[in-house]
Amino acid sequence: MKIAIMGAMPEEVAPILERLDDVEEVNYAKNRYYKAKYKDIDVVVAYSKIGKVFSTLTAATMLQMFACDVLLFTGVAGAVNPELKIGDLVVANKLAQHDLDITIFGHPHGYVPEGSVYIEADKDLIALSKIVASEMGVNVKEGIIATGDQFIASEERKNFIAETFKADALEMEGASVAVVCDALGVPFFILRSISDSADMDAGFNFEEFVESSAKVSAEFLMKMVDRL
Ligand SMILES: CCCCCCN(CO)Cc1c[nH]c2c(N)ncnc12
């Protein structure tokens, strides 16, 4: 089993890199991939850089070049569901691209021909997250994640995303990673910890909480890796 562990930003994978052994750094396609051992498991760890394009490139590389059998994503997100607070964990059961729009031709938001609005994450990995959550005594919200190439910091855009996609959280990489994994038939799991509420305070809250929330997500993810 070879596990791809991915984030979008250095802060999101730093808590993981520090726990690896025999790290071999591979430079490829203007990015750095860390081949390593976590306990006795083969892992490849990388942060993609922000947004759907960079995360597509990294996810595709993890699967096609490093031949990973499963892809786990860890990072932070903006809350859409008002029940979610800073530091809360969200597991994606399905993901959509909120800024994919050819609605002028009568298609739904997030849809293009031969595509689908939502892509579903791996049910076994979701089930595993529930076991780990109960063991750790933490709450994990399973929900819909909306992805787009914008940092959302306005109630108006957040409400559009909430109404159109019934999203629980939003970010900038999950749905593109989902498309890659789905197309290549590789199980994937997208985990996020809330860093802000995608409102007018989002920028400040993100800056303040990205590091602590990224740690919450990374630590939970590694508990799942222990159980794989
Ligand atoms: C230098 C600034 C980098 C922001 C990257 C934010 N990530 C993108 O995946 C997660 C995220 C946290 N809060 C968000 C929000 N309100 N809108 C979009 N994305 C997010």
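Count residues from 1 along the sequence. Values below: all heavy atoms of this structure, side chains included; hydrogens, waters and symmetry mates excluded.
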Scan for side chain to side chain donor-acceptor pair (under 3.5 Å) pairs involving residues 164-192, sequence neighbours excluded, and state none if there are none. Ser55-Ser176, Asn81-Asp168, Thr147-Glu171, Glu171-Arg192, Glu173-Arg192

Main-chain N/O of Phe209 paired to Ser195 side chain as donor or acceptor, under 3.5 Å: no

Is there a continuous path of hydrophobic side-chain contacts, each under 4.5 Å between heavy atoms, that joins Ile3 to Val186? no

Out of curiosity, does Val13 fall in the hydrophobic cluster containing Phe54 (side-chain heavy atoms, cut-off under 4.5 Å, transitive links)? no

Working to the nearest 0.5 angstrom, can you tell me the gap between Leu72 CG and Met224 CE? 6.5 Å

Distance-only check: which donor-acceptor pairs under 3.5 Å involve side-chain atoms of residues 19-30, not counting sequence neighbours?
| unit_1 | atom_1 | unit_2 | atom_2 | d |
| --- | --- | --- | --- | --- |
| Arg19 | NH2 | Tyr38 | OH | 3.4 |

Taking only residues two or more places apart in sequence or in another chain, which ones pass side-chain hydrogen bond (donor to acceptor under 3.5 Å, both in side chains) with Thr103? Asp101

Can you name the residues that form a side-chain contact (heavy atoms from CB on, under 4.5 Å) with Ala59, not counting sequence neighbours? Met6, Leu71, Val177, Val180

All pairs passing salt bridge (charged side-chain N to carboxylate O under 4.0 Å, His left out) where residues 50-78 contributes a residue, at least two apart: Lys52-Asp99

Hey, what do you get for CG (Asn159) to CG (Asp199), rounding to the nearest 0.5 Å? 10.5 Å

Between atom OG of Ser217 and atom CD1 of Ile16, what is the distance when rounded to the nearest 0.5 Å? 7.5 Å

Could you work out, with side-chain hydrogen bond (donor to acceptor under 3.5 Å, both in side chains) as the rule, every residue matching Asn31, not counting sequence neighbours? Thr58

Grouping I, L, V, M, F, W and Y whenever their side-chain heavy atoms are under 4.5 Å apart, do Ile161 and Met172 come out in a common cluster? no

Roughly how far apart are Ser197 OG and Leu170 CG, rounded to 0.5 Å? 9.5 Å

Are Leu84 and Ile145 connected, step by step, through hydrophobic side chains (Ile, Leu, Val, Met, Phe, Trp, Tyr) whose heavy atoms are closer than 4.5 Å? yes

Residue set satisfying salt bridge (Lys or Arg N to Asp or Glu O under 4.0 Å) with Glu11, at least two apart, ordered chain then number -> none

By side-chain hydrogen bond (donor to acceptor under 3.5 Å, both in side chains) - contacts of Lys85 (at least two apart): none

Measure the shortest side-chain to side-chain distance between Tyr111 and Leu100 over non-hydrogen atoms and say whether it is less than 4.5 angstrom. no

Kindly write out the residues that satisfy salt bridge (Lys or Arg N to Asp or Glu O under 4.0 Å) with Asp201, not counting sequence neighbours, or none if the list is empty. none

For residues 208-220, the salt bridge (charged side-chain N to carboxylate O under 4.0 Å, His left out) pairs (sequence neighbours left out) are Glu211-Lys215

Please list all pairs passing the ring-ring contact (aromatic ring centres under 6.0 Å, His included) test where one or both residues lie in residues 126-179, with sequence neighbours left out. His109-Phe160, Phe151-Phe206

For Lys223, salt bridge (Lys or Arg N to Asp or Glu O under 4.0 Å) partners two or more places apart: none

